[in-house]
Amino acid sequence: MERYNFKSIEEKWQKLWDKKKLFQTNLDKTKKKFYCLEMFPYPSGKIHMGHVRNYTIGDVLARYKSLQGYNVLHPMGWDSFGMPAENAARQNNLSPKKWTEENISNMKSQLKLLGLSIDWDREISTCSPEYYKHQQEFFLELYDKGLVYRKEQYVNWDPVDNTVLANEQVIDGKGWRSGAPVERKKLNQWFFNITHFAEELLESLNSLEEWPNKVKIMQKNWIGKSFGCEVKFKIETGNPIEEIKCFTTRPDTLFGSSFLALSVDHPLSKHFVNDQNFLEFKKKCNETGTTEESLANAEKIGFKTELTAINPLDQNIKIPVYFANFVLMDYGLGAVFGCPAHDQRDLDFAKKYKLQVLPVVTPEKDNQNFQVQDEAYTGPGYIFNSSFLNGLQCPDESIIKTIEHLEKINFGEKKINFRLKDWGISRQRYWGCPIPIIYDENNNPKKIPKNMLPVMLPDINKLKTSGNPLDNEIEWKNIIIDGKKYYRETDTLDTFVDSSWYFLRFCSPKKKEYGFNYEDINYWMPVDQYIGGVEHAILHLLYSRFFMNALAHKNNKFKFKEPFKGLFTQGMVCHETYKDQSGNWVSPDEIVNIDGKKYLKNDNSHLVKVGPSESMSKSKKNTIDPENIIKDFGADSVRLFILSDSPPEKDVQWSIEGISASFKFIQKLWNLNIRFHEEIKKNHDEDSSDKLNRFTNKFIKKVEENLNSFSYNVIVANLYEAYAYLIKDLNNNYKSNTLKENYKKILTVITPIIPHFANECLETLSINETLSWPDYDSKLIEENEIAIVIQINGKKRGLVKAKRGINENNLYDIIIKDEKLKKYIKEQKIKKKIYIENRIMNIII
RNA sequence: GCCCUCGUGGUGAAAUUGGUAGACACAAAGGACUUAAAAUCCUUGCCGCUUGCGGAGUGCCAGUUCGAGUCUGGCCGAGGGCACCA
């Protein structure tokens, strides 16, 4: 039998689609739109299996929506600024630009091998001046709106990369890329005022119905809204310091407070800069880092001051003031009051410094003797030991009442606090978008005039090994405008800024005057389905949501609010791991399989240790190169397999056995195609078209439902079943027309999965018209004869074949005549019969 | 510690949303074809009784129900997120 030649056939279709510009989209208000977007890749050099999975999932959806008659926008671009280019350029002594451009061209041709339905005319690259020009415009717009500002701040300093790291780029106290221990350093930084929108970003999470709950919860926790109160503590007289303000969510525990604790960065620390002991303490605190886990386990330590604070609720209660390592300056007010009985951290601290532990919340109303030992009590209960607060129900009643009282006596104020911090966007890097700011002789920042945009990144062919590259570009840095001397900002923007609006640019990729057309974005946006890895659950998605808010701030031209209506987070691609006898990682290419055991290829006497399946990574050598795989098995086989084994949201295990099975299956489908043509040629007179029609309609229904629910793995199973059914059913002497009509529908619904193959088969049927998604007929799907499950006392005892819609009595007549079933019933009395039509009957004896 | 998600064969997984548990696939074992191998096809898959049938069975223990993988409560385990957050 003729083999299916995937190589020539896939190439042929890809060329044809390209030539016809089949996936090119244009604004068309007469059609309903569908914006399908996958997270765009960083051009690291080669595509990996994660890309293959991501873009295949998106392509299935885009092709499906297109068949359904939607005007589909399915673009692709490159997140092309970033550190790897800079690092690679340093290593190989070439320009980041050249490195990036070569990678893009290579990865683009690799992506094309997958046969994706992408509108390549809309391709964008964030490192091109055509793109970042508009980003600079936006920066200036936000600057005018007061959403950009500069402040001096402690930053996580990576001493190897010479750059600032975001908190989330610090892993276990080390830089996420360099692995170097992070230092603290004070720098002047540009910030986006994301906290201005904290409430809105939190609130409108509720409107995102098509987002995974998991992601919404992560964002909610990240924003971290908490309700509480600012409390004022007076300091005993005789000091230059008169009062200290604390933020607390538990003002109702004030009577249990036994100390005040300040961050070492608290403004009051300026009074202690001459105290050698304090400086040493501060140094010790800084050594432990800022937010790392090492610090979580660190001992709670404090530095006792001579200050004494007065409890605002009772002038007679006086407590000591400490600096403590567990208080952070950038949350709340950098000061807390410690209530050891009801906060574990405070309890640990109190025990170390022998401070009072007075419980003020008792779990049971009557238990006035409640004591706290080693574990702080944080649960609900009733206030006691608290003068006029006694008896209040905690926390609901007690917190509100206490705040009311504090406000009345002018010692407190209701306050909502957010964990979210402003977004630091300055990066001391070359390969990023230049910040369109200049400084005058007095170091005052000024906007670059709009007509001077873009601020072009100067070409640097040889990067120095350390420092901020732009700072060394003297000619570029110094600039004269209207006869006045200025120097440029030499930091570049965080690359998360680049990806915070690229989805808008795709709507108007060629527009020169501005980043987008309002007409375009108001038609295409929001993105109907966004698909990508869950690792972007917080930052990228939150920043993009912020950016939309910021652009729409004081601007009513946007007809949508949230950028991503639907979000789907796909799982990772995993592979078994291998190690040789000496414990070195071994790549799958270096292994042969003999009698079910795995040996080293070059030395097949050496058994290889097979480890657990883990997400593909270069360090574990368990990666598979998509390009080679596509060349060996074809794009359709790869698409079929990457979809087949696991639901898209879960991890999938790549295996050579799996891809081989998909490859063989495509050949079987090709044989089925040949059988169809044989039968069509025979031109039978007899026809029992109902049977095949019913099958086809059922198949369409299943595929459609599974497409709608992202159950792409089940579609592959449906396809396997369809093959098994059809290869036998073709012997039923169907008329040519019946065969043709049904086969066309079946092929049409599988084009999203295996587009080259399905289109080739359609062509062999001489079908050249534009395809559309076939409707199924629900009536046709119902079988007339059905199998009904018979249970006796809830246990399955048999199946009865009957006509659809049979009533209870008629069904029972069949049951008592059934040889097998009647013996269970015998003469016994029947207590009850439960009959669910067409499904099940349960007989209770 | 807090929050979230998930526990189904040797493996990846299905299950009309409370109604035949294990579809479909991988791996394994046995068989057919073949001189042989590859390829292809078929069968098997827990426990009893040599067929057929019966029993157990969706992490564990209870509960609701005619009926629970699915709902409720408790426990155990795995994964992910967050964290001196006041």
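These figures come from a predicted structure and were not determined experimentally. Quick note on labels: first sequence line is chain A, next is B, and so on, each numbered from 1.
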Across all chains, not counting sequence neighbours, the side chain to side chain donor-acceptor pair (under 3.5 Å) partners of A:K352 are A:E299
Separation of B:G19 atom C1' from A:L799 atom CG, nearest Å, is 13 Å
With A:K232, which residues qualify under salt bridge (Lys or Arg N to Asp or Glu O under 4.0 Å), at least two apart? none
With P as the reference atom in both, quote the distance from B:C3 to B:C75 in angstrom, rounded to an integer. 13 Å
Qualifying residues under side chain to side chain contact (heavy atoms under 4.5 Å, CB included), relative to A:D422, sequence neighbours excluded: A:Y149, A:F191, A:N193, A:I194, A:T195
Starting the side chain at C-beta, find the nucleotide from B:C24, B:C84, B:C3 nearest to A:R345. B:C84
Applying salt bridge (Lys or Arg N to Asp or Glu O under 4.0 Å) as the test, list every pair that has at least one member in residues 213-229 of chain A; sequence neighbours left out. A:E199-A:K225
Round to the nearest Å and state the distance from A:L821 atom CG to B:C53 atom P. 11 Å
Under the rule syn = chi within 90° of 0, otherwise anti, which is B:U17? syn
Rounded to whole angstrom units, what separation is found between the CZ atom of A:R250 and the P atom of B:A86? 11 Å
Atom pair distance, as rounded to whole Å: CG in A:D348 and P in B:G1: 14 Å
What integer number of Å spans the P atoms of B:C85 and B:G10? 44 Å
Where do N or O atoms of nucleotides 38-48 of chain B meet protein N or O atoms at under 3.5 Å, pair by pair?
from: B:C41; atom 1: OP1; to: A:K668; atom 2: NZ; distance (Å): 3.1

Dump the intermediate steps for salt bridge (Lys or Arg N to Asp or Glu O under 4.0 Å) on A:E785 and A:K803, then the final yes or no. CA-CA 5 Å; A:E785 200 185 52; A:K803 275 197 174 152; over 6 Å; no
Which listed nucleotide (B:C85, B:C53, B:C82) is nearest to the side chain of A:K820? B:C53
Residues passing the side chain to side chain contact (heavy atoms under 4.5 Å, CB included) test with A:Y725, sequence neighbours excluded, are A:K691, A:F695, A:D729
Can you measure A:I840 atom CD1 to B:A68 atom P for me and round it to whole angstrom units? 11 Å
Using the C1' atom on both, measure B:U70 against B:U17 and round to a whole Å. 7 Å
Atom-pair distance (NZ on A:K796; P on B:G19), nearest Å: 15 Å
Going by side chain to side chain contact (heavy atoms under 4.5 Å, CB included), name the residues that satisfy it together with A:L355, two or more places apart in sequence or in a different chain. A:S258, A:F259, A:P320, A:Y322, A:F349, A:A350, A:Y353
Test of understanding: with ring-ring contact (aromatic ring centres under 6.0 Å, His included), list the residues that count as partners of A:H536, not counting sequence neighbours. A:H540
Phosphate-side-chain proximity, A:K214 and B:U5, N/O vs OP1/OP2 below 4.0 Å: no
Could you grab the distance from atom CG of A:L643 to atom OG1 of A:T56, nearest 0.5 Å is fine? 6.0 Å
Side-chain heavy atoms of A:L262 within contact of A:S269, under 4.5 Å: no
Residue A:A661, side-chain heavy atoms: nucleotide from B:A86, B:A56, B:A25 that is nearest: B:A25
Are OP1 or OP2 of B:A25 and a side-chain N or O of A:Y720 less than 4.0 angstrom apart? no
Sugar-phosphate means primed atoms, P, OP1 and OP2; the rest is base. With that split, encode nucleotides 6-18 of chain B 5' to 3' as B, S or - using protein heavy atoms under 4.0 Å. ------SSS-B--
Determine the interatomic distance between P on B:U44 and the same-named atom on B:C24; round to the nearest Å. 12 Å
Please state the P separation for the pair B:A78 and B:C84 - nearest whole angstrom. 25 Å
If we take the C1' atom in both B:G57 and B:G22, what is their distance in whole Å? 11 Å
Classify the nucleic acid contact of A:K831 as base, sugar-phosphate or nothing, counting any heavy atom under 4.0 Å across all strands shown. nothing
Roughly how many Å is it from CZ in A:F641 to P in B:C24, rounded to a whole number? 18 Å
B:U72 and B:U65: how far apart are their P atoms, nearest whole angstrom? 16 Å
Nearest-nucleotide check on RNA chain B, A:N842 vs A:E657; residue mapping nearer the 5' end is A:E657
With RNA chain B as reference, determine whether A:M218 or A:A717 sits nearer its 5' end, using the nearest nucleotide of each. A:A717
Cationic N near anionic O, under 4.0 Å, A:D374 to A:K351: yes
Report yes if at least one side-chain N or O of A:R797 is closer than 4.0 Å to OP1 or OP2 of B:U20; otherwise report no. no
Say you draw a straight line from NZ of A:K701 to CG of A:N718; how long is it, rounded to the nearest 0.5 Å? 11.5 Å
Would you call B:G59 syn or anti, using the 90° rule around 0? anti
Is a donor-acceptor pair below 3.5 Å formed from side chain A:K300 to base B:C84, judging by atom type as modelled? yes
Are A:R419 and B:A83 close enough that a side-chain N or O sits under 4.0 Å from OP1 or OP2? yes
On a whole-Å scale, what distance lies between the C1' atoms belonging to B:G9 and B:C47? 15 Å
Could you provide the dot-bracket string of RNA chain B, using ( ) for intrastrand pairs, [ ] for crossing pairs and | for bases paired to another strand, with Watson-Crick or G-U pairs below 3.5 Å? (((((((..(((......[....))).(((((.......))))).((((..))))...(((((..]....))))))))))))....
For the side chain of A:I538, starting at C-beta, report the closest nucleotide among B:C82, B:C66, B:C84. B:C82
Regarding A:R419 and the six-membered ring of A:W222, is the cationic atom NZ or CZ under 6.0 Å from the ring centre and inside 45° of its axis? yes
Set of ring-ring contact (aromatic ring centres under 6.0 Å, His included) partners for A:Y776, sequence neighbours left out: none
Per A:T249 side chain, nearest of listed nucleotides B:A86, B:C3, B:A83: B:A86
What is the distance, to the nearest angstrom, from the CD1 atom on A:I217 to the C1' atom on B:G80? 12 Å
Please work out if A:I844 contacts a base, only the sugar-phosphate, or nothing of the nucleic acid, heavy-atom cut-off 4.0 Å. sugar-phosphate
For A:Y331, the ring-ring contact (aromatic ring centres under 6.0 Å, His included) test, sequence neighbours excluded, returns none
